[in-house]
There are 2 protein chains.
Amino acid sequence: MELPFPQSRGAAAVTTATNPRILEHPEREDIRLEPVLHALSDAVRLRIVRDMARGEGAEFSCSHFALPVTKSTSTHHFRVLRESGVIRQLYRGTTKLNTLRRDDLDALFPGLLDAVLTAAEAQTERLGD
Amino acid sequence: MELPFPQSRGAAAVTTATNPRILEHPEREDIRLEPVLHALSDAVRLRIVRDMARGEGAEFSCSHFALPVTKSTSTHHFRVLRESGVIRQLYRGTTKLNTLRRDDLDALFPGLLDAVLTAAEAQTERLGD
DNA sequence: GCCGTACTACGATGAGTATCGTACGACCGT
DNA sequence: ACGGTCGTACGATACTCATCGTAGTACGGC
């Protein structure tokens with residue numbers, strides 16, 4: 001049987017429209033500050049970003065993060081992060097790899113990500129969180 | 001007739017509970033990152049904060065800001081900013097004066113406010129907003 | 001005492017969102 | 001081909017929120 005969405009069959013110009021396993025991301029120039037701040041204003045998502053930042057450029061599967069929510073909810077949060085431009089996601093086989101878009105964020109909003117990460121760490125220090 | 005909430009009658013220990021014209025603010029140590037980011041993630045509120053930052057410590061009445069929303073909505077946004085700890089508000093007669101809590105924010109989250117403001121300016125440059 | 005100004009309180013509304021459970025799809029082993 | 005793992009889709013739910021309009025309160029000035 002032929003698969004409807006062959007991931008490695010070399011089809012030309014594969015996009016989300018033709019293949020749902022290719023995930024849509026905003027281009028760097030389309031990333032906006034407000035959605036980024038909104039994405040970071042949720043405790044679960046902030047934690048994901050912090051964990052990812054600690055791994056400096058590494059790729060993490062969604063299930064790598066031990067989150068206090070179900071898988072459906074987790075999917076939701078990762079989508080918010082991706083659509084706002086904070087992270088990049090791509091499928092590798094059955095797992096989805098996540099990376100921080102640090103280069104894009106730093107280029108657009110210099111110092112912002114670091115300030116947020118530092119603030120988050122400081123708050124954890126301060127309040128135990 | 002006696003006023004129920006005399007603002008300048010020197011009553012001792014006047015709080016929000018006794019006088020609604022005394023506005024409640026979070027103490028510096030109670031300010032949390034997530035609500036601050038959430039407060040800043042709205043376009044109208046971000047604009048208020050930017051305008052206020054330009055005035056370096058000055059006090060602005062609510063009506064000073066020409067916002068694209070009604071007065072009720074404006075009240076709502078100022079309250080979100082105050083309750084998250086981003087601004088300080090106090091009554092002076094019939095008007096309400098607003099100031100950025102820059103000292104508190106800088107102490108808790110060094111570089112964050114500046115990064116957000118810079119990012120907002122850059123985005124306006126970039127997209128015309 | 002009366003009026004105008006500044007802001008609030010309250011209720012409504014429509015949109016968004018954080019959460020879950022269940023059912024399903026894609027992929028990799030074997 | 002089969003089963004397991006990883007993640008999605010969809011529907012439901014309850015909550016939050018941005019917005020408005022109307023009615024009202026506090027204060028300053030006349």
Side-chain angles (χ1 to χ4, degrees), chain A residues 1-9 11 14 16 18-24 34-35 37-48 59-84 87 89-98, chain B residues 1-9 11 14 16 18-24 34-35 37-48 59-84 87 89-98:
Chain A
M1 177 207 177
E2 196 172 350
L3 290 172
F5 299 119
Q7 195 181 348
S8 14
R9 297 281 173 78
V14 188
T16 307
T18 82
N19 186 342
R21 293 226 122 198
I22 304 291
L23 297 160
E24 207 149 80
E34 296 90 332
L37 291 177
H38 175 248
L40 297 175
S41 74
D42 179 274
V44 174
R45 292 192 292 261
L46 185 55
R47 174 167 158 183
I48 293 174
E59 300 178 318
F60 298 101
S61 70
C62 289
S63 49
H64 170 265
F65 306 91
L67 299 177
V69 292
T70 64
K71 274 200 295 184
S72 333
T73 307
S74 175
T75 296
H76 161 67
H77 285 306
F78 277 103
R79 182 169 47 224
V80 171
L81 287 171
R82 170 169 48 84
E83 290 180 347
S84 66
I87 68 171
Q89 298 190 289
L90 83 150
Y91 280 103
R92 176 117 88 201
T94 154
T95 77
K96 211 174 179 178
L97 296 182
N98 301 279
Chain B
M1 175 205 174
E2 196 173 352
L3 289 172
F5 299 119
Q7 197 181 346
S8 13
R9 298 280 173 79
V14 188
T16 308
T18 82
N19 185 341
R21 293 226 120 198
I22 304 291
L23 297 159
E24 207 150 81
E34 297 90 331
L37 291 177
H38 176 247
L40 296 175
S41 74
D42 179 273
V44 173
R45 293 193 291 261
L46 186 54
R47 174 167 158 184
I48 293 173
E59 299 179 318
F60 298 101
S61 69
C62 289
S63 50
H64 170 264
F65 306 92
L67 298 177
V69 291
T70 64
K71 273 200 292 185
S72 335
T73 306
S74 175
T75 296
H76 161 68
H77 285 307
F78 277 102
R79 182 170 49 223
V80 172
L81 287 171
R82 170 169 49 85
E83 291 180 345
S84 66
I87 68 171
Q89 298 190 288
L90 82 151
Y91 281 102
R92 175 118 88 202
T94 153
T95 77
K96 210 173 178 180
L97 296 182
N98 301 280

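In what follows, chains are A, B, ... by sequence order, proteins preceding strands, each numbered from 1. Because the structure is a prediction, the values reported are computed rather than measured.
The side chain of A:T94 sits closest to C:dC28 out of C:dC7, C:dC28, C:dA18. Side-chain proximity of A:S61 to the nucleotides C:dC7, C:dT17, D:dG7 is greatest for D:dG7.
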Exercise. Stepwise, does the side-chain contact (heavy atoms from CB on, under 4.5 Å) test hold for B:R45 with B:L40?
Worked result: CA-CA 6 Å; B:R45 293 193 291 261; B:L40 296 175; over 6 Å; no

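The CD1 atom of B:I87 sits 12 Å away from the P atom of C:dC7 (whole-angstrom rounding). For the pair A:R79 CZ and C:dA18 P, the computed distance is 11 Å after rounding to whole Å. Here the C1' atom of nucleotide D:dT19 and the CG atom of B:L67 are 13 Å apart, to the nearest Å. When rounded to the nearest whole Å, the span between CZ of A:R92 and C1' of C:dA26 equals 16 Å. Atom CG in B:L97 sits roughly 12 Å away from atom P in D:dG28 (whole-Å rounding). Here the C1' atom of nucleotide D:dC6 and the CZ atom of A:F60 are 18 Å apart, to the nearest Å. Rounded to an integer number of Å, the gap from NE2 of B:H76 to P of C:dA9 is 13 Å. The NZ-C1' distance, from A:K71 to C:dT19, rounds to 16 Å in whole Å.
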For nucleotides 10-15 of chain C, which of its nitrogen or oxygen atoms have a protein nitrogen or oxygen under 3.5 Å away, and what is each distance?
none

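Closest non-hydrogen pair, B:I48 versus B:H77, comes out as CD1-CB, 4.4 Å. The two residues A:P35 and A:S84 come nearest to each other via the heavy atoms O-CB, 3.7 Å.
Among the protein residues, B:H64 comes within range of no part of the nucleic acid, since none of its heavy atoms lies under 4.0 Å from any strand. Using a 4.0 Å heavy-atom distance criterion, B:T95 is classed as a sugar-phosphate-only contact. Within 4.0 Å (heavy atoms only), B:S74 reaches no atom of the nucleic acid at all. Nucleic acid contact class of B:T73 (heavy atoms, under 4.0 Å, all strands): base.
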Sequence neighbours excluded and cut-off under 3.5 Å, please list the side-chain donor-acceptor pairs for residues 60-71 of chain A, or say none.
{"unit_1": "A:S61", "atom_1": "OG", "unit_2": "A:S63", "atom_2": "OG", "d": "3.3"}
{"unit_1": "A:S61", "atom_1": "OG", "unit_2": "A:H64", "atom_2": "N", "d": "3.2"}
{"unit_1": "A:T70", "atom_1": "OG1", "unit_2": "A:T73", "atom_2": "OG1", "d": "3.2"}

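Between atom CZ of residue A:R79 and atom CD1 of residue A:I87 there is a gap of 11.5 Å, rounded to the nearest 0.5 Å.
Looking only at side-chain heavy atoms (C-beta outward), A:E83 and A:E24 stay at 4.5 Å or farther from each other. No side-chain heavy atom of B:Q89 sits less than 4.5 Å from a side-chain heavy atom of B:E59. Counting heavy atoms from C-beta on, the side chains of A:L46 and B:E34 come closer than 4.5 Å.
Of the residues in residues 40-48 of chain A, those placing a heavy atom less than 4.0 Å from an atom of DNA chain C are A:D42, A:R45, in numerical order.
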